[in-house]
2 protein chains.
Amino acid sequence: MKQIAESTVRRLSLYLRFLEDYRRQGLETISSGDLASLGGMTSAQVRKDLSFFGSFGTRGLGYSVNALAHRIREILGLEREWQVIIVGAGKIGAALAQYRAFGERGFRIVGIYDVDPARIGVSLDGTIVKDQRELDADLQSVKPDIVLIAVPAEAAQPLLERVTKAGIRGVLNFAPTPLHAPSGVTLRSVDMALELELLSYTLTSAMA
Amino acid sequence: MKQIAESTVRRLSLYLRFLEDYRRQGLETISSGDLASLGGMTSAQVRKDLSFFGSFGTRGLGYSVNALAHRIREILGLEREWQVIIVGAGKIGAALAQYRAFGERGFRIVGIYDVDPARIGVSLDGTIVKDQRELDADLQSVKPDIVLIAVPAEAAQPLLERVTKAGIRGVLNFAPTPLHAPSGVTLRSVDMALELELLSYTLTSAMA
DNA sequence: GGGTGCTTGTGAATGTTTTCACAACTTATT
DNA sequence: AATAAGTTGTGAAAACATTCACAAGCACCC
Ligand SMILES: NC(=O)c1ccc[n+]([C@@H]2O[C@H](COP(=O)([O-])OP(=O)(O)OC[C@H]3O[C@@H](n4cnc5c(N)ncnc54)[C@H](O)[C@@H]3O)[C@@H](O)[C@H]2O)c1
Ligand SMILES: NC(=O)c1ccc[n+]([C@@H]2O[C@H](COP(=O)([O-])OP(=O)(O)OC[C@H]3O[C@@H](n4cnc5c(N)ncnc54)[C@H](O)[C@@H]3O)[C@@H](O)[C@H]2O)c1
């Protein structure tokens with residue numbers, strides 16, 4: 001299939017949330033216009049996004065909330081459970097370990113690791129922080145799908161290499177440094193300092 | 001001036017980091033090719049990005065590390081200090097309050113607020129969590145530039161309205177819900193659950 | 001069963017971003 | 001002073017993403 005734009009997939013995730021809201025309210029159908037106004041985009045955008053994957057709607061009526069939600073979950077790979085480990089049990093690692101939204105979406109935290117003896121053994125929402133020396137063995141036995149990198153910037157690239165060598169194919173990085181992943185590995189980064197800089201840019205040029 | 005693409009500004013932030021690394025290493029010039037290989041983009045991309053703002057390089061030689069860094073800081077609005085407050089002193093709010101990278105870039109955390117009596121009074125890296133009832137008065141007196149929203153999703157939109165009414169023009173939201181800001185307000189969102197879903201999508205389609 | 005009103009799905013048009021490719025210029029060398 | 005080697009800055013081309021606009025299809029009503 002033709003390559004789908006990241007922006008499209010990002011919107012798909014949003015549509016799914018809106019669909020779940022609609023379901024919670026007991027509504028059975030939704031139109032592209034409804035989805036659009038919830039997300040601040042146009043209805044043509046919504047229909048075009050969905051059209052890349054097939055035609056799920058009924059002309060004159062809209063989309064079945066349940067059917068569309070199910071189809072989007074399928075597209076995003078959310079029908080299964082993903083096993084996730086976190087490396088770095090510091091401030092952000094601990095927050096992530098206790099973040100409920102992950103579990104609700106099928107991302108199950110199955111381990112968290114640190115080097116600092118003071119952090120090892122601590123319980124975060126039921127998960128005990130393990131020594132990072134156990135990481136390699138656990139990568140072999142548990143075979144997690146995704147690693148969250150929550151270590152200091154200078155430790156991030158070596159860690160990335162370590163986990164990809166062990167067969168990890170999905171990584172979400174929180175260290176504020178661009179990482180280089182081998183091909184076949186999907187790497188995404190969340191960089192909060194950079195987001196603030198973007199805000200700074202917009203505020204600055206809006207003034208001028 | 002013509003509207004600059006967000007992707008360009010995002011890369012500018014990265015270039016600035018690379019320049020600071022170069023400076024730390026004592027290097028005085030850098031070429032578009034050097035910047036490109038550090039960031040995993042092409043040298044044409046680097047030059048095009050910079051060309052939107054002027055011509056800063058020397059043909060045959062490259063860019064002066066100091067001069068370019070200074071110019072990018074100017075463009076991004078990082079020559080000044082930004083006053084930042086955090087609302088929500090929970091797990092993510094606390095992590096953000098203690099995040100060093102913000103201060104290093106001139107984003108000064110000048111207040112953090114919560115509703116929960118158990119959180120109020122707690123010290124986070126020297127900043128005491130205040131009662132959110134003090135928020136409106138502080139918005140008037142302190143006049144912060146940027147608000148970080150770190151409250152539960154259902155409290156986010158009301159909070160956004162509250163702070164924008166008080167004159168806040170820049171907001172970085174961590175709640176996993178699309179917010180609607182009045183015009184003139186710059187709103188950005190960091191949505192970690194959504195990032196994981198994007199990873200899920202890529203891993204899923206890579207398999208198929 | 002035909003008419004009415006509404007909404008989808010999608011080519012075509014438009015707008016945006018990236019890549020290409022090379023003239024123009026700088027420095028170093030002979 | 002002329003040549004060589006290297007790098008920028010930038011129009012033009014290509015690739016990509018969004019918006020437009022409307023025929024096609026369905027539900028509902030009379
Ligand atoms: N605090 C935040 O809000 C925040 C936000 C965004 C990004 N980040 C980034 O996340 C990373 C962690 O930040 P933090 O604020 O949690 O810092 P932190 O110092 O609280 O946590 C880092 C943890 O990583 C551990 N660690 C170091 N090297 C390790 C290794 N090789 N293996 C396993 N564990 C290791 C340390 O022992 C420490 O517990 C940094 O890269 C930071 O820039 C932090
Ligand atoms: N934990 C994470 O790693 C994480 C990651 C990304 C996003 N988020 C999002 O950030 C938000 C907070 O998450 P958290 O995990 O820190 O939850 P949390 O429950 O630990 O913290 C939320 C805090 O907000 C406070 N609060 C609630 N309403 C408020 C109001 N009106 N004014 C001021 N304070 C108020 C609560 O008392 C609580 O202390 C949520 O929207 C969550 O989805 C969390």
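The chains referred to below are lettered A, B, ... by the order of the sequence lines, with proteins before strands, and numbering in each begins at 1.
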Roughly how many Å is it from [atom1] in [X] to [atom2] in [N], rounded to a whole number?
| X | N | atom1 | atom2 | value |
| --- | --- | --- | --- | --- |
| A/Gln3 | D/dA17 | CD | C1' | 13 Å |
| A/Arg71 | C/dT8 | CZ | C1' | 17 Å |
| A/Tyr15 | C/dT8 | OH | P | 12 Å |
| A/Asp49 | D/dC16 | CG | C1' | 14 Å |
| A/Glu6 | C/dT17 | CD | P | 15 Å |
| B/Leu50 | D/dT7 | CG | P | 16 Å |
| A/Leu61 | D/dA24 | CG | C1' | 16 Å |
| B/Phe52 | C/dT17 | CZ | C1' | 8 Å |

Let's see if you can work this out: which of [options] has an atom nearest to the side-chain heavy atoms of [X]?
| X | options | answer |
| --- | --- | --- |
| A/Arg47 | D/dT8, D/dC22, D/dT19 | D/dC22 |
| A/Thr58 | C/dT10, D/dT8, D/dC26 | D/dC26 |
| A/Arg59 | C/dG9, D/dT19, C/dT19 | C/dG9 |
| A/Ala44 | C/dT18, C/dC20, D/dC20 | D/dC20 |
| A/Ala5 | C/dT10, C/dT18, D/dA17 | D/dA17 |
| B/Lys48 | C/dT10, C/dT8, D/dG11 | D/dG11 |
| A/Ser7 | D/dT10, D/dT19, D/dT18 | D/dT18 |

Is the shortest heavy-atom distance from the side chain of B/Leu194 to the side chain of B/Pro176 under 4.5 Å?
no

Could you tell me if the side chain of A/Leu196 sits less than 4.5 Å from the side chain of B/Leu148, heavy atoms only?
yes

Donor + acceptor pair across side chains of A/Ser13, A/Arg17 (<3.5 Å):
no

Can you tell me if the side-chain N/O atoms of [X] get under 4.0 Å from OP1 or OP2 in [N]?
| X | N | value |
| --- | --- | --- |
| A/Ser32 | C/dT8 | yes |
| A/Ser55 | C/dT8 | no |
| B/Gln45 | C/dT19 | yes |

Classify the ring geometry between B/Phe18 and B/Tyr15 as parallel (under 30°), tilted (30 to 60°) or perpendicular (over 60°).
tilted

Of A/Met41 and B/Tyr63, whose nearest nucleotide on DNA chain D comes first from the 5' end?
B/Tyr63

Between B/Leu16 and B/Arg73, what is the shortest heavy-atom contact and its length?
CD2-CG, 3.8 Å

Have a look at B/Ser43 and say if it touches a base, only the backbone sugar-phosphate, or nothing, with a 4.0 Å heavy-atom cut-off.
nothing

